*Asks:* 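Okay, handing you the structure first.
Computed from a predicted model, the values in this text were never measured in an experiment. FYI, side chains are in, hydrogens and waters are out, and symmetry mates aren't considered; it's all heavy atoms of this structure.
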Amino acid sequence: MRRSRKEFDYFAEFLNLTNKGQEASNELLKVLKDYDSGTIENQAYQIHEIEQAGDKIVHNIMDELNHSFITPIDREDIVLLTESLDNILDGLDSVPFQLDSYLITEIRGKAIEITELIVEAMNHLIGVAKEFAKFKNSKVLGEKIAHVNSIEEQADFLYRSAVKELFSTEQDIFNVVKWKAVYRRLEDIMDDIEKTADVMAGLVIKNT
């Protein structure tokens, strides 16, 4: 039996979707730390399964939104936040496939370092998502969002350093092209994490 529409908890689903992002980021870090070009395709599909589970959550949110008359925040804001969280998962999902398509045989240290920051940022985004459910009374939401922003700044510095190192030391133009794209993808994921935290910050201002 379908549960009552009024029982649907959008904030809980936002948190569930964030948890999927955290799970995918942890798996990506494991892949990079123990990289094997011979198994990367299979590992890519393992992360893809997490992304697909996230897609089901997105579908549930959108399906509920299509039938709900009353929502805890504006409908367009629910769509905006859902899409922001989904973008994080899509980015994480794409990295292993990118590595496989580019025939990457060895992972560079800075890629691991950036991914470690992604994992750290996702851990903090979990805290942001938990506090967002009680944003009208939360005393620490702003602080948690600030942590995410701080980690993004660290990742941005590391990204620039990685690209500079790539262009100054790599002799193979194909490796330059490949790794510039990989670094850019990781930076985009971090940007999406920060954007999601900032979306929540904006919605707090809008709704209080």
*Asks:* Grouping I, L, V, M, F, W and Y whenever their side-chain heavy atoms are under 4.5 Å apart, do Ile151 and Ile126 come out in a common cluster?
*Replies:*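 No.
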*Asks:* Does the side chain of Leu80 come within less than 4.5 Å of Glu76's, by heavy atoms?
*Replies:*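 Glu76 does not reach Leu80 side chain to side chain.
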*Asks:* Look up atom CG in Leu81 and atom CZ in Phe132, then write down how far apart they are to the nearest 0.5 Å.
*Replies:*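 Going from CG on Leu81 over to CZ on Phe132, the span is 5.5 Å.
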*Asks:* With a 4.5 Å limit on heavy-atom distance, are the side chains of Lys20 and Glu23 in contact?
*Replies:*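 In short, these two side chains touch, coming nearer than 4.5 Å.
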*Asks:* Check whether Val119 and Leu17 end up in the same hydrophobic cluster, where Ile, Leu, Val, Met, Phe, Trp and Tyr are linked by side-chain heavy atoms less than 4.5 Å apart.
*Replies:*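 Per the 4.5 Å side-chain linkage, Val119 and Leu17 are co-clustered.
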*Asks:* Can you tell me how far apart OG (Ser25) and CG (Leu89) are? Round to the nearest 0.5 Å.
*Replies:*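 The distance works out to 9.0 Å.
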*Asks:* Any chance you could measure Glu165, atom CD, to Tyr183, atom OH, to the nearest 0.5 Å?
*Replies:*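 OH of Tyr183 is found 6.0 Å from CD of Glu165.
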*Asks:* Please report the shortest heavy-atom distance between Glu187 and Ala155, naming the atom on each side.
*Replies:*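 Shortest heavy-atom contact: OE1-O, 3.7 Å.
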*Asks:* Test salt bridge (charged side-chain N to carboxylate O under 4.0 Å, His left out) on Asp156 and Arg160 and set out the steps.
*Replies:* CA-CA 6 Å; Asp156 192 47; Arg160 293 194 302 269; 2.5 Å; yes
*Asks:* Assess the residue pair Glu83 and Val79 against the criterion (side-chain contact (heavy atoms from CB on, under 4.5 Å)); give the C-alpha distance rounded to whole Å, side-chain angles, the decisive distance to 0.1 Å, and a yes or no.
*Replies:* CA-CA 6 Å; Glu83 290 178 345; Val79 172; 3.6 Å; yes
*Asks:* Less than 4.0 Å between a side-chain N and a carboxylate O, is that true for Asp191 and Lys195?
*Replies:*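 Salt bridge between Lys195 and Asp191, a charged N being under 4.0 Å from a carboxylate O: no.
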*Asks:* Roughly how far apart are Leu203 CG and Met200 CE, rounded to 0.5 Å?
*Replies:*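 With rounding to 0.5 Å, CG (Leu203) is 8.5 Å from CE (Met200).
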*Asks:* Check this for me, if you would: do Glu113 and Arg108 make a salt bridge, where the nitrogen-to-carboxylate-oxygen distance has to be below 4.0 angstrom?
*Replies:*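 No, no charged N to carboxylate O under 4.0 Å.
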*Asks:* Please find the pair of heavy atoms, one from Asn60 and one from Phe8, that lie closest to each other, and give the distance.
*Replies:*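 In this case the closest contact between Asn60 and Phe8 is O-CZ, 3.9 Å.
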*Asks:* Show the numbers, then the answer: is there a side-chain contact (heavy atoms from CB on, under 4.5 Å) between Lys180 and Phe167?
*Replies:* CA-CA 9 Å; Lys180 184 174 183 294; Phe167 277 91; 3.7 Å; yes
*Asks:* Does one hydrophobic cluster hold both Tyr35 and Leu103, with members joined at side-chain heavy-atom distances below 4.5 Å?
*Replies:*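 No; Leu103 is not reachable from Tyr35 via cluster members.
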*Asks:* Taking Arg75 for the side chain and Ser68 for the main chain, is one N or O donor matched with an acceptor at less than 3.5 Å?
*Replies:*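 Yes; at least one donor-acceptor contact below 3.5 Å.
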*Asks:* Are Leu29 and Ile189 joined in one hydrophobic group, where the rule is that I, L, V, M, F, W and Y side chains link up if heavy atoms are under 4.5 Å apart?
*Replies:*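 Both belong to a single hydrophobic cluster.
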*Asks:* Within the structure provided, determine whether His147 and Glu152 are in side-chain contact (heavy-atom separation under 4.5 Å).
*Replies:*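 No, side chains not in contact.
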*Asks:* Considering non-hydrogen atoms only, spot the tightest contact between Leu186 and Ala111 and give its length.
*Replies:*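 In this case the closest contact between Leu186 and Ala111 is CD1-O, 3.8 Å.
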*Asks:* Hey, are Thr82 and Tyr10 close enough side-chain-wise for a donor-acceptor pair under 3.5 Å?
*Replies:*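 No, Thr82 and Tyr10 have no side-chain donor paired with an acceptor closer than 3.5 Å.
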*Asks:* Considering all heavy atoms of both residues, which atom of Ile114 and which atom of Met190 are nearest to each other, and what is their separation?
*Replies:*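 Taking Ile114 first and Met190 second, the nearest heavy atoms are O-CE, 4.5 Å.
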*Asks:* Could you tell me whether the side chain of Asp74 and the main chain of Asp77 form a donor-acceptor pair under 3.5 Å?
*Replies:*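 Absent.
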*Asks:* Between Arg184 and Asp188, is there a salt bridge with N-O shorter than 4.0 Å?
*Replies:*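 Counted as a salt bridge, because a side-chain N and a carboxylate O are separated by less than 4.0 Å.
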*Asks:* With a 6.0 Å cut-off on ring centres, are Tyr45 and Phe97 close enough?
*Replies:*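 Aromatic pair counts; centres sit under 6.0 Å.
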*Asks:* Between the side chain of Tyr102 and the main-chain N/O of Trp179, is any donor-acceptor distance below 3.5 Å?
*Replies:*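 Here the side-chain-to-backbone pair does not exist.
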*Asks:* Whether the Asn16 and Glu13 side chains hold a donor-acceptor pair (N or O, under 3.5 Å, no angle test) is what I'd like checked.
*Replies:*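 Side-chain D/A pair, Asn16 to Glu13: present.
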*Asks:* Any chance you could measure Ile118, atom CD1, to Ile112, atom CD1, to the nearest 0.5 Å?
*Replies:*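 It comes to 12.5 Å.
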*Asks:* Could you give the distance from CD1 (Ile104) to CG (Leu99), rounded to the nearest 0.5 Å?
*Replies:*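 Ile104 CD1 to Leu99 CG: 6.0 Å, rounded to 0.5 Å.
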*Asks:* Kindly indicate whether the side chain of Leu125, heavy atoms from C-beta on, has any atom under 4.5 Å from the side chain of Gln22.
*Replies:*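 No. Closest side-chain heavy atoms not under 4.5 Å.
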*Asks:* Quick check on the hydrophobic clustering: are Ile73 and Ile205 connected, directly or via other members, by side-chain heavy-atom contacts under 4.5 Å?
*Replies:*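 They do not share one cluster, since no chain of ILVMFWY contacts under 4.5 Å joins Ile73 to Ile205.
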*Asks:* Decide if atom NZ of Lys164 counts as having more than 12 heavy atoms of other residues, nucleotides or ligands within a radius under 6.0 Å.
*Replies:*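 Open: at most 12 neighbouring heavy atoms sit under 6.0 Å from NZ of Lys164.
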*Asks:* Would you mind reporting whether Val176 and Ile173 have side-chain heavy atoms less than 4.5 Å apart?
*Replies:*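 Yes, at least one pair of side-chain atoms sits under 4.5 Å.
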*Asks:* Output yes when a side-chain donor or acceptor of Asn66 lies under 3.5 Å from a complementary backbone atom of Met62, and no otherwise.
*Replies:*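 Yes.
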*Asks:* For Asp93 versus Ala44, what's the shortest heavy-atom pair and its separation?
*Replies:*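 The pair with the smallest heavy-atom distance is OD1-O, 4.3 Å.
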*Asks:* Answer yes or no: is there a side-chain heavy-atom contact under 4.5 Å between Phe14 and Ile57?
*Replies:*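 No, too far: nothing below the 4.5 Å cut-off.
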*Asks:* Would you say that Ile88 contacts Met122 through its side chain, given a criterion of any heavy-atom pair below 4.5 Å between the two side chains?
*Replies:*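 Yes, at least one pair of side-chain atoms sits under 4.5 Å.
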*Asks:* Should Leu15 and Lys130 count as side-chain neighbours, where that means a heavy-atom distance under 4.5 Å?
*Replies:*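 A side-chain contact under 4.5 Å exists here.
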*Asks:* Which heavy atom of Gln98 sits nearest to which heavy atom of Val182, and what is that distance?
*Replies:*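 Looking at all heavy atoms of both residues, the shortest contact is OE1-CA, 3.7 Å.
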